[in-house]
Amino acid sequence: MSEMYNHKVVEKKWQKIWDDNKAFAVTNDFTKPKFYALVEFPYPSGQGLHVGHPRPYTALDIVARKRRMQGYNVLYPMGWDAFGLPTENYAILNKIHPKIVTKNNVARFKEQLHSLGYSFDWDREINTTDPEYYKWTQWIFLKLFNAGLAYKTEMPINWCTSCKVGLANEEVVNGVCERCGSEVVRKVKSQWMLKITEYAQKLIDDLDGVDYIEKVKVSQKNWIGRSEGAEVDFSIKDKEDKLRIYTTRPDTLFGVTYMVVSPEHPIIDKYKDEIGNWDEIVDYRNMASKKSDFERTELAKDKSGVQIQGITAINPVNGREIPVWISDYVLMTYGTGAIMAVPAHDDRDWEFAKKFNLPLIQVVGKDGAVVDIEAEAFTDVATGVLMNSDFLDGLEVKDAKVKIIQFLEEKNIGIKKVNFKLRDWVFSRQRYWGEPIPIVKCDKCGYVALPESELPLELPEVESYMPTDNGESPIAAMTDWVNTTCPCCGGAAKRETDTMPQWAGSSWYFLRYTDPDNTQALASKEALNYWLPVDWYNGGMEHTTLHLLYSRFWHKFLYDQGVVSTKEPYQKRTSHGMILGSNGEKMSKSRGNVVNPDDIVSEYGADTLRTYEMFIGAFDLSASWSEDGVKGCRRFLDRVWKLQDMLNDDMNYSKSMETMMHQTIKKVSNDFENLKYNTAIAAMMALINEFYKQGSVTKGEFKTLLALLNPVAPHITEELWSIAGFENSVYQSTWPEYEEAKTVESIVEIAVQINGKTKTTISIDKDAAKDDVIAMAKEAISDKLTGDIIKEIYVPGRIVNIVAK
RNA sequence: GCCGGCGUGGCGGAAUUGGCAGACGCACAGGACUUAAAAUCCUGGGGAGUUAAAUCCGUACCGGUUCGAUUCCGGUCGCCGGCACCA
């Protein structure tokens, strides 16, 4: 009899063997077929690894291990996204350099990941805070700057009145500062921006060529928010200026009854002297500017606004004079900051018109018939037909759009226009723990790029990481570092003291893994050509908009620069669900439902944790933790362990067992490719249940089982492989093959139904002729069959249905 | 409000193109082993009904298509996640 399974000894033993033999190192043979599996690298927080981390890591570890056994050269790397606020805040609080904090956290994370037996190639470990790494982050920034895609502008930012610091959107929770709970207001500051909007169309179009799960594609598209419409110029009565608006419904131009401009619109200041109610306008603007985003949202239902007295606009298609209002439901940052209002056919305009008693003109009807626009706006584009609109009358909405745009362009009063919701990327942070922006400001030459030879521009040592009162980065106090000479004219100049956001380092990290030690380039051309695109990238849904969009943007830019040779960085993108606490709530310290993976590894073993996290439920859905579930998986592995005592090659050859083996190989092989880890494991459980029922297992079958289970539970399977005396190691063996023909059972049990209700089952030969099967079926249910038979249906190998009356 | 997803036993969850609903696991119950317990092994199981069967009801709810619907279509309700007036 074998000894009890001791996971502590076995797991340590095999982890050492893998390390000593560099079992999962990538080969540089670029002629071999490659597979690049990628998981989002973690932020090494002070809390250490969370049980949520192993879910995606194990899933792709399974795929990576399987691919190696199938003969691929597999790149499955890991690194650290280590710049960021929590580390900086910890450093401030404890007066420890963020570098030290990061180093300690990374060491802990690495040890924890190592204890889980992942097949990462640790020789390719990267860290975004390593100057040799962020040298290339800065290099990409310079490329963007030189290409005119990085610029500086005045931008309102979130400002905490108590901490006196600029906050990222993520740090503003319900309108207050995440850290101190104080009010957050808007403050205008000069910020570095990246022109991601330049790539908006490509970022949509190229989604067609990649294999992302549908909801990821949808959220990318929604975030970019493309809309087609027209810009139209409205003249202002007795003035030369025109008021330009953007609309997606140019077909409703005859239904305009007023206009609205945003409170920040420049036209207001321009005609200040002629506005009759200037004081009222100023009051409204002040009120609007004080509103935080949160308040604006809260008031979303109730529209507010003020009419501008003394300014009248003229509808270019019918000459009608219309009033102009200001209201904060019109945003300066989208379109032209001004709209034409068609209250009969737009919900927001309708609400506004109702509140201020503005007239409604119906110009679209349902299939041409008048509808009650006093009750609600009629916005249905599909059934709408134009009316009261001169030459557009009788046209369907889509045709009317084409005709009106043609008209506007001919008369030179408007043009067709595409708009995006996507805004340029605010790229600066007034923080210490980030990549310095390699730019110098010279009074004579303006913003000047640092020469490449001066990269990396390293973070200076500062005394305090505390942000300054005036909202500048702590680096600004380092005058030695800040004062420099202009690379362009040699005169006195100052360095940029803002740093990059955390998104920067993670926007290109997958490129660095392909050639992490390269000092001449971010990676060699050969390595990039060979490894890209990433074949399979898995990450959390929380990163499907920003991180995914940002990294696709950088990649497309690098493609245009000739640095990489693929348009898209990731061929396939999948997402995993969250692991919740046993009470079904998100795990958090305050809820007291946090599970530490170290405890699970120690008590049940890494293989058990891996198996459980894969068995817990559908991979893409969230799942609640259950310690009992963990025990069940440990029990399964114990049962696998004890199979070593049931090896018996003398037993009779069993046809049904052969079928089950082939079915299991097929199921496990397919399920591992389709995120269906839970059913793959269920199939293996069913297989060993069968071995137990027989009381024995052949060496061949055992060997196959070990190979199939190895990606999920690598340690125990290696140990059993070695005990059984199979050659080499599992990781050096090949993935089991199955024969399709042998997955089919020769005798199948099928259901016999009357009128779709199952009455009994019969066993038939899988190749039996339809007539024979039906005859057998009728025989089997002869006592229940009454009435005339109308129809006989036979679905081969599945079901017989007799329709009788 | 809009977008996306999800509603199946006591619980986590399975079900190819529509084809025996509840695989696999947990918890539970019974049995074997044990002085006993734990562990392990075996057996059972949606509900009603019956000694047992037959039979009926069951995939959130209502309706439709079909020989046949957890699956497809229309509507209703509930839960989760994301976005917030984008003209």
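Throughout, a chain's letter reflects where its sequence line sits, starting with A, and its residues are numbered from 1.
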P atoms of B:C42 and B:C33, separation to the nearest Å:
16 Å
Check the distance between B:C85's P and A:Lys355's NZ and give it to me in whole angstrom.
17 Å
I'd like the C1' distance from B:C61 over to B:G13, given in whole Å.
23 Å
Need to verify one output field. Residue with the more 5' nearest nucleotide on RNA chain B, A:Gly756 or A:Ala751?
A:Ala751
Rounding to an integer number of angstrom, what distance separates B:U34 and B:U40 when you compare their C1' atoms?
11 Å
A:Tyr692 side chain vs A:Leu643 backbone, donor-acceptor pair below 3.5 Å:
no
Inter-nucleotide P distance (B:G46, B:C11), Å rounded:
14 Å
Under a 4.0 Å N-O cut-off, is there an ion pair linking A:Glu264 with A:Arg285?
no
Nucleotide opposite B:C2 in a Watson-Crick or G-U pair, distances under 3.5 Å:
B:G82
Side-chain donor/acceptor of A:Arg639 to base of B:U40, under 3.5 Å
no
For residues A:Phe619 and A:Tyr677, establish whether the separation of their ring centroids is below 6.0 Å.
yes
Write down the partner of B:U40 under the Watson-Crick or G-U wobble criteria, each distance required to be under 3.5 Å.
B:A32
Determine the interatomic distance between P on B:U59 and the same-named atom on B:C20; round to the nearest Å.
16 Å
Euclidean distance for P, B:A14 against B:A23 (whole angstrom):
13 Å
